[in-house]
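Quick one: the structure is below, questions incoming.
These numbers come from a predicted model, not from an experiment. Throughout, protein chains are lettered first and strands after them, A, B, ... in sequence-line order, and every chain is numbered starting at 1.
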Amino acid sequence: MIIAVASGKGGTGKTFVSTNLFWAAQKQGIPSTLVDCDAEEPNDAEFIPGYVLNTQNVVQKIPVIDDQKCTFCGRCFDYCNYNAIVYLPDKRFIKVVEELCHDCGACTVACTSGAISLKEKAIGTIRKMYVGIPSVLVEARTEIGVYSPVPVIKKAIKYASDDVLIILDAPPGISCPFIATVDKADYVVLVTEPTPFGLNDLKLSVDTLDEIGKPYGVVVNRAGLGNSDVYLWLKEKKISLLMEIPFDKEIAMVYSEGKLIAELNSKYSDKFMQLLQSVKKELKR
Amino acid sequence: MNEIVVLSGKGGTGKTMLSASFATLEKNMVVADCDVDAANLYLILQPKNEIEEVYVSGHRAQIDYSKCTHCGICADHCRFEAISTINGKVIISETSCDGCKLCSRVCPVGAIDMLPNDKSRWYAGAYRNGQMVHARLAPGEENSGKLVNVVRNYAKKLADETNAKTIIIDGPPGTGCPVVSSLTGVKKVILVTEPSKSGFHDLKRIFELAESFNLKSSVVINKYDLNLDMSRKIEEWCKLFSIPVLGRLPFDKQIVEGMLHCKSIIEWQPSSVISQEIKNIWQTVNADQS
């Protein structure tokens with residue numbers, strides 16, 4: 001079973017829910033893998049320290065144009081849909097803008113004079129960490145400022161073992177990195193908070209998941225803050241409320257120190273196990 | 001023109017709260033919400049949108065099955081694993097397609113069309129203290145960096161027209177493409193952090209990004225009283241790298257209360273501790289004309 005934990009808005013508690021759910025499940029002896037898919041700002045390892053088993057580099061192939069072989073026909077420039085090739089035929093100048101390249105291979109197909117070769121560029125790493133029997137943490141991490149984290153995320157998810165339970169801690173937002181993550185999940189747990197910002201971004205996430213046809217339910221974090229609009233909206237839309245986590249300074253304190261509330265307070269490990277049961281039930285519906 | 005960007009790396013540390021506060025401190029402001037993926041600032045500032053424009057974020061491939069021979073050449077060329085052959089039928093996954101158009105170019109029978117992704121929008125209009133530009137990237141679409149540029153360019157145009165001195169840029173989370181687009185060429189970078197292990201970790205990454213563009217950053221510690229020990233560690237780190245700490249904001253439930261009434265904390269409780277501190281921060285930011 002693959003569960004993605006996501007939210008449109010940042011800072012609602014994706015990492016909090018993912019890490020605690022993972023901890024509760026592995027404590028019960030369920031072979032689990034947690035994949036940190038927030039590759040631009042991965043944080044799960046701050047909460048779940050582990051022994052690094054191995055580190056893989058993720059590379060992108062970047063074209064290199066040999067201007068000795070190049071006939072300046074301009075076909076690669078025409079084929080590139082990302083404006084990643086600067087082409088000035090009068091000056092016999094041609095160059096690849098590496099930051100804009102998506103590694104699609106079109107220029108290589110376009111070139112008829114064999115002037116394009118490929119070089120590798122590091123765009124991130126995937127670290128596999130052993131965190132206790134029988135669980136593993138996989139962390140996707142992009143190099144800072146890399147154009148898109150999607151290739152790193154996809155590779156990290158592939159790298160996850162075929163454990164009984166795989167939890168994907170998704171990146172914020174609703175664009176490509178989010179889609180690349182939830183696309184692989186059987187079920188999406190959306191984390192929100194009962195504030196206007198939380199509700200607004202929850203609606204965006206729900207629209208997106210409806211569009212791609214993924215089942216989902218909602219966890220309301222920091223319950224007690226804000227107002228009841230989110231509950232009314234969930235009721236109106238008949239969306240399952242999977243769990244409520246109260247707004248509590250103890251939780252905030254524990255989280256801020258990089259610790260897990262499920263480990264320190266058995267009430268919460270039970271609550272996260274219930275969340276897992278609720279998701280299973282939802283999937284059977 | 002003074003462009004000030006508010007960033008944090010980690011989401012939920014208070015970028016929009018701080019941007020909204022700045023945006024309601026003075027008259028004749030221009031605000032650019034560059035979190036095009038999950039724009040929220042408009043909920044507080046409630047601009048009257050006079051402009052609504054379509055933004056084409058890219059294209060996606062679609063097979064015309066009346067022409068397709070299911071030869072699979074397109075699938076062999078696709079680097080995004082977006083095309084697969086299932087039971088002899090070629091299928092394109094919309095969520096994986098990157099819009100590179102290579103499949104359409106290599107198709108021997110011209111069966112693949114490229115359709116524009118045109119569901120994204122951007123908006124501009126007046127709010128109570130000036131002008132605001134924001135956008136809404138359609139679900140699953142990319143090129144958010146380009147949309148950020150569109151938003152920023154229009155904000156600059158508005159600032160020129162209205163003789164505004166300052167543009168406040170509310171940035172997106174992360175360290176990727178839209179963040180890079182949000183900070184290139186700005187005058188000042190304000191990094192909002194919170195005293196948590198993850199907030200601190202993300203602060204270091206976003207600082208590194210700003211440094212790589214030779215931009216001077218300064219730091220605001222939000223909710224500093226939630227973990228004083230961690231706040232102290234952040235301050236020590238800032239000292240080590242000579243990063244000015246502009247201010248420390250206490251945790252205050254009234255921020256959410258104000259939000260429920262579409263008001264920044266400056267408008268909701270102008271004399272609160274947090275509002276005073278934000279005013280001080282704003283003065284410091286503006287006093288530094290280097």
Side-chain angles (χ1 to χ4, degrees), chain A residues 7-13 15 38-43 46-47 79-82 99 102-106 109-110 142 144-150 154 171-180 183 193 195-197 200-201 204-205 207-208 211-212 225-227 249 252-253 255-258, chain B residues 8-13 16 37-40 43-44 58-59 77 79-81 93-96 98-102 105-106 136-137 139-142 144-145 172-177 179-180 194-199 201-202 205-206 208-209 212 223 226-227 229-230 251 253 256 259-260 262:
Chain A
S7 74
K9 178 168 159 38
T12 58
T15 296
D38 189 1
E40 288 181 21
E41 292 288 18
N43 280 326
E46 304 276 331
F47 297 90
Y79 265 51
C80 180
N81 231 14
Y82 306 103
E99 289 72 26
H102 283 216
D103 189 10
C104 74
V109 172
T142 56
I144 290 169
V146 159
Y147 183 85
S148 166
V150 169
K154 278 189 175 171
I174 49 162
S175 63
C176 305
F178 164 78
I179 297 282
D183 197 35
E193 56 182 34
T195 63
F197 288 3
N200 185 50
D201 296 344
L204 294 173
S205 310
D207 283 350
T208 310
E211 203 164 296
I212 63 171
L225 210 64
N227 63 8
K249 279 204 174 179
M253 188 68 188
Y255 184 84
S256 71
E257 286 176 340
Chain B
S8 68
K10 178 169 159 37
T13 60
T16 301
D37 221 2
N40 279 326
L43 294 172
I44 291 181
H59 293 78
H77 280 83
R79 293 263 184 104
F80 303 97
E81 296 168 30
S93 153
E94 221 178 272
T95 53
S96 295
D98 200 71
C100 74
K101 204 181 171 179
L102 185 57
R105 297 187 201 272
V106 297
R136 183 181 190 155
L137 191 73
E141 292 193 359
E142 68 163 329
S144 47
T175 54
C177 165
V179 178
V180 170
E194 62 176 31
S196 68
K197 246 187 146 176
S198 43
H201 169 265
D202 294 355
R205 271 174 74 90
I206 190 74
E208 205 179 305
L209 181 71
S212 72
K223 312 172 206 168
L226 284 184
N227 187 333
D229 195 40
M230 191 66 73
F251 176 79
K253 276 191 176 178
V256 176
M259 197 194 278
L260 293 172
C262 306

If you tally heavy-atom pairs under 4.5 Å between each of A/T195, A/I179, A/N200 and chain B, the highest tally belongs to A/N200

Counting heavy-atom pairs under 4.5 angstrom with chain A, the leader among B/L43, B/V180, B/T13 is B/L43

Margin query: Contact between A/F47 and B/S198 at the side-chain level, heavy atoms closer than 4.5 Å - yes or no?
Written below: yes

Greatest number of non-hydrogen atom pairs under 4.5 angstrom with chain A, of B/S8, B/G58, B/G176, B/G145, falls to B/G176

Do B/R105 and A/V109 have side-chain heavy atoms sitting under 4.5 Å apart? no

The interface call for A/T142 against chain B, heavy-atom contacts under 4.5 Å, is both

Under 4.5 Å to a heavy atom of chain A? For B/E81 that would be side chain

Between the SG atom in A/C80 and the CG atom in B/L102, the distance rounded to the nearest 0.5 Å is 11.0 Å

So, the part of B/P195 with a heavy atom under 4.5 Å from chain A: the answer is backbone

Cut-off 4.5 Å, heavy atoms of chain B, and the answer for A/F197 is both

Cut-off 4.5 Å, heavy atoms of chain B, and the answer for A/V146 is backbone

In terms of heavy-atom pairs under 4.5 Å with chain B, the winner among A/P196, A/G173, A/G258 is A/P196

So, the part of A/E46 with a heavy atom under 4.5 Å from chain B: the answer is both

**OP:** May I ask you to test the B/S96-A/K154 pair for a side-chain heavy-atom distance under 4.5 Å?
**Re:** yes

Can you confirm whether the side chains of A/Y255 and B/N227 place a donor and an acceptor under 3.5 Å from each other?
no

The interface call for B/T95 against chain A, heavy-atom contacts under 4.5 Å, is both

Salt-bridge test for A/E41 and B/R205: reply yes if a basic N is under 4.0 Å from a carboxylate O, no otherwise. yes

In this structure, CG of B/D98 is separated from SG of A/C176 (nearest 0.5 Å) by 7.0 Å

(Q) Regarding B/H59 and A/N81, do their side chains bring together a donor and an acceptor under 3.5 Å, going by distance alone? (A) no

Interface check, chain B: of A/G8, A/G105, A/A180, A/P171, most non-hydrogen pairs under 4.5 Å belong to A/G105

By side chain to side chain contact (heavy atoms under 4.5 Å, CB included), A/D207 pairs with (sequence neighbours left out) B/R136

Okay, B/M259 and chain A: the region with an atom under 4.5 Å from a heavy atom over there is both

Residues passing the salt bridge (Lys or Arg N to Asp or Glu O under 4.0 Å) test with A/E40, sequence neighbours excluded, are none

Note: vs chain B, highest number of non-hydrogen pairs under 4.5 angstrom among A/D38, A/I174, A/D183 is A/I174

Honestly, the part of B/L209 sitting under 4.5 Å from a heavy atom of chain A is both

d(B/S93 OG, A/I212 CD1) to nearest 0.5 Å is 9.0 Å

If one checks every heavy atom of A/P42 against chain B at 4.5 Å, the contacting part turns out to be both

Got more than 12 heavy atoms from elsewhere within 6.0 Å of CD, A/E257? yes

Subject >> Any side-chain heavy-atom pair of B/K101 and A/Y79 under 4.5 Å >> reply: no

Is any side-chain heavy atom of A/L204 less than 4.5 Å from a side-chain heavy atom of B/P139?
no

For the residue pair A/S175 and B/L137, establish whether any side-chain heavy-atom pair is separated by less than 4.5 Å. yes

Ranking A/L225, A/V150, A/I144, A/T208 by heavy-atom pairs under 4.5 Å to chain B gives rank one to A/I144

Chain B shares the most heavy-atom pairs under 4.5 Å, among A/G226, A/A252, A/S7, with A/G226

